[in-house]
Amino acid sequence: MDIIHIIQQGVQQALSELYQHQAKADEVLVNVTKKEFEGEYTVVIFPYVKAIRKGPAEIGNAVGEWLVKYLEEITGYNCIQGFLNLSLSDAYWLRQTDYLQAYPDYWKQPATGKKIMIEYSSPNTNKPLHLGHIRNILLGWSCACLYDSMGYAVTRTQIINDRGIAICKSMLAWKKFAQGQTPEDAGMKSDHFVGHWYVRFEQAFREEYESWQATPEGLSRYTAEKEDGESEADFFKRYKNTYFNNESQLGAEAREMLKKWEADDQEIRSLWEKMNNWVYAGFDVTYKALGVSFDTLYYESDTYLLGKDLIEKGLKENVFYRKADGSVWVNLEDEGMDEKILLRSDGTSVYMTQDLGTADLRYQETGADQMIYVVGDEQNYHFQALFAILKKLGAPYAEGLHHLSYGMIDLPGGRMKSREGTVVDADDLIADVINEARLGIAERGEVEGLSDAEKEEITRKIGLAALKFFMIKIDPKKRMTFDPKASVDLQGQTGPYIQNAYVRILSILRKGGTMDNADATGYKVNGDEKKLLIELTSFAQVVAHAARQLDPSQVANYCYQLAKEFHRYYHEHRILNAETDAARAFRLEFIQLIARVLEDAMGLLGIEMPERM
RNA sequence: GGCUUCGUAGCUUAACUGGAUAGAGCACCUGACUACGGAUCAGGAGGUUGCAGGUUCGAAUCCUGCCGAAGUCACCA
């Protein structure tokens, strides 16, 4: 049983015996003692003052005395303004160190038999991955790791949006202008190659649209349909989509292509497969560089027709209703939302329809009754509605659905806009951070004597640590500003700072050799070591909390905290030349433990530790 | 306009979900290696937690009203 529970139960018992007050053990508030005060853990006494009708100081002192008397772990107390600070015994600290050392999985939960599916990344196939995907992927990946360690069977998945008008645009431009060129011919990463033709389409379309604007037809459209006082520029900006759908030659061709795709036209299908495969090959490289993977994949081309059986079911059960024009709707007003369309009047499905179907399919296939969707906060409403509808349908997994909603990323100059070319490409960014790490390594010369391959591996780990930590240390639900300069920082509150603590420990251990047989019996753990031990012990709670909240940033902050404590400790206390043999023996074991937890914790964030740097 | 989320030092942010004197990093100053790795450490300066009320032993956190930012309110995905 961990020390927090011991204290909680002790307090419960003390209150019961001293005051006949029944408190719930798990509601006893136990905090880590602030550094200004003596003690290690603090019990907040205020909640009992009213019921017991005695002053906080009186209760605190009485409980403190009781705890010291009956709990062998607790050797001292002081009570200040309703905060009961407790000091733990030397024996406790040694025993706790042994425990953490002996059970490397102390922060994990045993297998629960529960299944959870986590969906992240989920890109479109007409463009390469960008900064937004990186945030998404890192969040999804580390939540998967968190649930893994919480004893869940985790399935990592993504839905690939591989069909629709967007990929048709890339296909059309390639067909018209590329003259059969392949990514190899062009010397381009293959997903960038496909993205290039998407941009090329948009460019051709813009040219077509602009020249149309000058024609008599275009001008008359403006005079006929403009709103009061609307300028020509504003009108044509607004009209762009309508033009694409109704008048554009290129638009017509792209839509024609989509129709043929839906009709299973051989030529279009094989072009579609060729271009998508280029994209997948490119994505794989990026995923690999980021160190992430998936257990299963869903393709929108397979799932976009799903969900109609659920619509039938809903209609039969009067959860949904049909309007006069034949469209199907659900009323979510009792959930504080509007009515939502589920099937168009022509019987075709909408986004919601296929999401309903996909959710059901996944449950049928895997039996996972928990599901996390990692999707940007612009879709909050959609997921709220999706979950509400599934609940209405009585889906057995409805209670296990979560939307890990994260904020969009801004650049120092404002939003990322593809039209203005300010989208930060994932591959470029990865290359940048690794280059920055390379410069750092060259300056330091700590890795002399290693092979080029080893140096490169270290460089990669450092660069990626900088990038990943920078992105994941921020609360997911907050909108974040991405400063490219700050993201490659290697000093301060960064990934490499934490790696440095780890590398330092390994370096000491190398010099310390394998333990000379001295043992730590009788060693008196000092205050800095106690703080670190408290930190190490709390890892389990941090992980559980982060998983429950779907918030890996809590683990990131934990890593930083632990590394910082260690760096400080390192400067305060000698390890190899410790005061006594017992101290040396204790500390060598102790720092090894810290290194292990640092590595485990960073591993939850998908960040690897180098052995030298 | 309705709903949702957010507002903390110049900048980026934390605060164990209502607990003690709001912690860090960057940038700016001052110090610390002939001692285990200076990608480090110690110190300084920097705060009316958007504003105004309320709830209570106690509020950055909860409630109300303003102010500001973002998202969403499609037979788009």
Side-chain angles (χ1 to χ4, degrees), chain A residues 29-34 36-37 42 44-47 49-50 55-56 80-83 85 122 124 161 164-166 241 300 304 325 327-329 336-338 340-346 348-352 354-355 376-382 384 405 407-408 410 412 415 437 440-441 443-444 446 462 466 470 473-475 477-483 485-486 489-501 503-512 538 541-542 545 549 553-554 557-558 560-561 563-564 566-578 587 591 612-613:
Chain A
L29 194 53
V30 181
N31 292 336
V32 173
T33 304
K34 298 241 167 203
E36 309 74 79
F37 303 100
T42 296
V44 183
I45 296 297
F46 285 110
V49 169
K50 209 170 228 175
I80 298 165
Q81 297 174 23
F83 295 93
N85 303 320
S122 302
N124 297 326
N161 302 302
I165 196 72
N241 260 340
E300 201 202 346
Y304 79 111
D325 65 359
S327 55
V328 177
W329 296 72
M337 288 173 271
D338 296 325
K340 270 295 220 188
I341 188 157
L342 299 172
L343 215 53
R344 296 186 182 111
S345 51
D346 63 5
T348 57
S349 51
V350 294
Y351 184 42
M352 186 64 83
Q354 61 164 298
D355 265 9
D377 62 6
E378 55 198 353
Q379 293 196 41
N380 281 352
Y381 186 79
H382 171 76
Q384 218 182 319
S405 159
M408 298 287 107
D410 290 316
R415 287 200 72 165
I441 270 200
E443 267 178 29
R444 294 163 49 82
E446 291 287 345
I462 296 171
F470 179 77
K473 71 178 178 185
I474 292 166
D475 184 341
K477 67 175 185 292
K478 286 198 177 174
R479 207 179 170 87
M480 78 177 272
T481 307
F482 183 82
D483 180 352
K485 276 205 283 288
D489 258 349
L490 308 174
Q491 278 153 16
Q493 204 180 87
T494 65
Y497 172 94
I498 298 162
Q499 290 177 320
N500 185 231
V503 165
R504 234 179 191 173
I505 292 172
L506 263 54
S507 170
I508 296 171
L509 291 174
R510 274 194 298 269
K511 293 206 168 92
S538 73
Q541 279 92 292
V542 171
H545 203 254
Q549 307 274 312
S553 74
Q554 296 178 12
N557 286 312
Y558 174 81
Y560 175 69
Q561 198 59 39
K564 189 176 161 64
F566 169 75
H567 277 308
R568 217 180 69 78
Y569 174 71
Y570 165 87
H571 279 272
E572 284 300 317
H573 304 280
R574 312 292 314 155
I575 293 162
L576 292 177
N577 306 322
R587 287 175 189 168
I591 62 171
R612 303 165 191 269
M613 64 193 286

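Because the structure is a prediction, the values reported are computed rather than measured. Every chain is numbered from 1 and lettered A, B, ... according to where its sequence line falls, protein lines coming before strand lines. Below, each value reflects all heavy atoms present in this structure, side chains not excepted, and no hydrogens, waters or symmetry copies.
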Practice problem: Tell which nucleotide pairs with B:G68, taking only Watson-Crick or G-U wobble pairs whose two distances are both under 3.5 angstrom. | Solution: B:C6
Quiz prompt | Euclidean distance for C1', B:U55 against B:C3 (whole angstrom) | solution = 26 Å
Practice problem: Could you tell me the separation between the CD1 atom of A:Ile505 and the P atom of B:U40, rounded to a whole number of Å? | Solution: 15 Å
Practice problem: Look at the side chain of A:Asn85 against the base of B:A20 and say whether a donor-acceptor pair falls under 3.5 Å; ignore hydrogens and angles. | Solution: yes
Self-check item: Torsion-based syn/anti label for B:U4, 90° from 0 as limit
Solution: anti
Quiz item: What heavy-atom pair brings A:Asp410 and A:Arg479 nearest, and what distance separates the two atoms?
Solution: OD2-NE, 2.7 Å
Practice problem: Quick one: label A:Ile165 by what it contacts on the DNA or RNA (base, sugar-phosphate, nothing), any heavy atom closer than 4.0 Å. | Solution: nothing
Practice problem: With heavy atoms under 4.0 Å as the rule, sort A:Tyr497 into base, sugar-phosphate or nothing. | Solution: sugar-phosphate
Quiz item: How close or far is atom C1' of B:G23 from atom OH of A:Tyr558, stated in whole angstroms?
Solution: 18 Å
Practice problem: Find the distance A:Asn380:CG to B:C3:P and express it as a whole number of Å. | Solution: 16 Å
Practice problem: Determine the Euclidean distance between corresponding C1' atoms of B:G31 and B:A45; express it in Å to zero decimal places. | Solution: 15 Å
Quiz item: If you look at every strand shown and take non-hydrogen atoms under 4.0 Å, does A:Val44 touch a base, only sugar-phosphate, or nothing?
Solution: base
Quiz item: How is A:Lys477 classified with respect to the nucleic acid when contacts are heavy atoms under 4.0 Å: base, sugar-phosphate, or nothing?
Solution: sugar-phosphate
Quiz prompt | Pair A:Asp483-A:Lys485, salt bridge (Lys or Arg N to Asp or Glu O under 4.0 Å): steps then yes or no | solution = CA-CA 5 Å; A:Asp483 180 352; A:Lys485 276 205 283 288; 5.2 Å; no
Quiz prompt | Pairing partner (Watson-Crick or G-U wobble, both distances under 3.5 angstrom) of B:G23 | solution = B:U13
Self-check item: Most 5' of A:Val30 and A:Arg568 on RNA chain B, judged by nearest nucleotide
Solution: A:Val30
Exercise. Rounded to whole angstrom, note down the P distance from B:G7 over to B:U49.
Key: 14 Å
Quiz item: How long is the line joining CD1 of A:Ile575 and P of B:C36, in whole Å?
Solution: 11 Å
Exercise. Please round to the nearest 0.5 Å and tell me the distance separating atom OH of A:Tyr569 and atom CD1 of A:Ile575.
Key: 5.5 Å
Exercise. Check every atom of B:U4, B:U13, B:U17 against the side chain of A:Gln549 and return the nucleotide holding the closest atom.
Key: B:U17
Practice problem: Check every atom of B:A77, B:C75, B:C36 against the side chain of A:Gln354 and return the nucleotide holding the closest atom. | Solution: B:A77
Exercise. Go ahead and name the base partner of B:U56; Watson-Crick or wobble counts if both distances stay under 3.5 Å, otherwise write none.
Key: none
Quiz item: When the P atoms of B:U8 and B:A70 are considered, how many whole Å apart are they?
Solution: 15 Å
Quiz item: What nucleic acid atoms does A:Ile45 come within less than 4.0 Å of, heavy atoms only: base, sugar-phosphate, or nothing?
Solution: nothing
Quiz item: Given the C1' atoms of B:C76 and B:G68, what is the spacing between them in whole Å?
Solution: 30 Å
Self-check item: Span that lies between the P atom of B:C16 and that of B:U56, in whole angstrom
Solution: 23 Å
Quiz item: Taking any strand in view, what nucleotide pairs with B:C73 in a Watson-Crick or G-U wobble way, both distances under 3.5 Å?
Solution: B:G1
Exercise. Identify the two heavy atoms, one from A:Arg574 and one from A:Arg587, that lie closest to each other, and give their separation to 0.1 Å.
Key: O-NH1, 2.7 Å
Practice problem: Please tell me which of the listed nucleotides, B:U40, B:A24, B:C36, lies nearest to the side chain of A:Lys564? | Solution: B:A24
Self-check item: Straight-line distance of A:Gln561 CD to A:Gln493 CD, nearest 0.5 Å
Solution: 9.0 Å
Quiz item: Checking only heavy atoms, does the side chain of A:Asp346 share a donor-acceptor pair with the base of B:C75 at less than 3.5 Å?
Solution: no
Practice problem: Write down the distance between CD (A:Gln561) and P (B:G23), rounded to a whole number of angstrom. | Solution: 13 Å
Exercise. Nearest whole angstrom, please: distance from the C1' of B:U72 to the CG of A:Asp377.
Key: 10 Å
Quiz item: Counting side-chain heavy atoms from CB outward, which of B:C75, B:G25, B:U40 is closest to A:Asp325?
Solution: B:C75
Practice problem: Among B:A77, B:A39, B:A20, find the nucleotide with the atom closest to the side chain of A:Val350. | Solution: B:A77
Quiz item: A:Phe83 has a side chain; which of B:C36, B:A70, B:G19 sits nearest to it?
Solution: B:G19
Quiz item: Using the C1' atom in both, what is the distance from B:G54 to B:U61, to the nearest Å?
Solution: 15 Å
Practice problem: Applying ring pair (Phe, Tyr, Trp, His ring centres under 6.0 Å), name anything that partners A:Phe46, two or more places apart in sequence or on another chain. | Solution: A:Phe83
Practice problem: Measure from the side-chain heavy atoms of A:His545 and tell me the nearest of B:A77, B:G19, B:U17. | Solution: B:U17
Quiz item: Is A:Tyr570 stacked on the base of B:C41 when the test is centres under 5.5 angstrom and planes under 30 degrees?
Solution: no
Quiz item: What is the nucleic acid contact for A:Asp338, judged by heavy atoms within less than 4.0 Å: base, sugar-phosphate only, or nothing?
Solution: sugar-phosphate
Quiz item: Any idea which of B:A39, B:A14, B:C41 is nearest the A:Asp475 side chain?
Solution: B:A14
Self-check item: Side-chain-base donor-acceptor pair under 3.5 Å for A:Thr42 and B:A20
Solution: yes
Quiz item: For A:Glu36, does the CD atom sit with more than 12 other heavy atoms under 6.0 Å from it, leaving out its own atoms?
Solution: yes
Self-check item: Nucleotide paired to B:G43 in any strand shown, Watson-Crick or G-U, under 3.5 Å
Solution: B:C29
Quiz item: When all nucleic acid strands are considered with a 4.0 Å heavy-atom cut-off, which category describes A:Gln541: base, sugar-phosphate, or nothing?
Solution: nothing
Exercise. Using a 4.0 Å heavy-atom cut-off across all strands, classify A:Val542 as base, sugar-phosphate, or nothing.
Key: nothing
Exercise. Take the protein atom CD1 of A:Ile498 and the nucleotide atom P of B:G25, then report the distance between them rounded to whole Å.
Key: 13 Å
Quiz prompt | Residue A:Tyr381, side-chain heavy atoms: nucleotide from B:A20, B:C75, B:U72 that is nearest | solution = B:U72
Self-check item: A:Gly440 vs A:Ile80, nearer the 5' end of RNA chain B by closest nucleotide
Solution: A:Ile80
Quiz item: What nucleotide among B:U40, B:A39, B:A14 has an atom nearest to a side-chain atom of A:His567?
Solution: B:U40
Self-check item: Any strand: nucleotide that pairs with B:U48 via Watson-Crick or wobble, under 3.5 Å
Solution: none
Quiz item: Taking atom C1' in both B:C75 and B:A15, what distance in whole Å separates the two?
Solution: 47 Å
Quiz item: What pairs with A:Lys340 under side chain to side chain donor-acceptor pair (under 3.5 Å), at least two apart in sequence or on another chain?
Solution: none
Quiz item: Base, sugar-phosphate, or nothing: which does A:Leu343 touch, judged by heavy atoms less than 4.0 Å apart?
Solution: nothing
Exercise. Measure the spacing between NE2 of A:His382 and OG of A:Ser405 and express it to the nearest 0.5 Å.
Key: 12.5 Å
Quiz item: What is the distance, rounded to the nearest whole Å, between atom CZ of A:Phe470 and atom C1' of B:C11?
Solution: 11 Å
Exercise. Examine B:C57: is either OP1 or OP2 under 4.0 Å from a nitrogen or oxygen in the side chain of A:Lys50? Give yes or no.
Key: yes
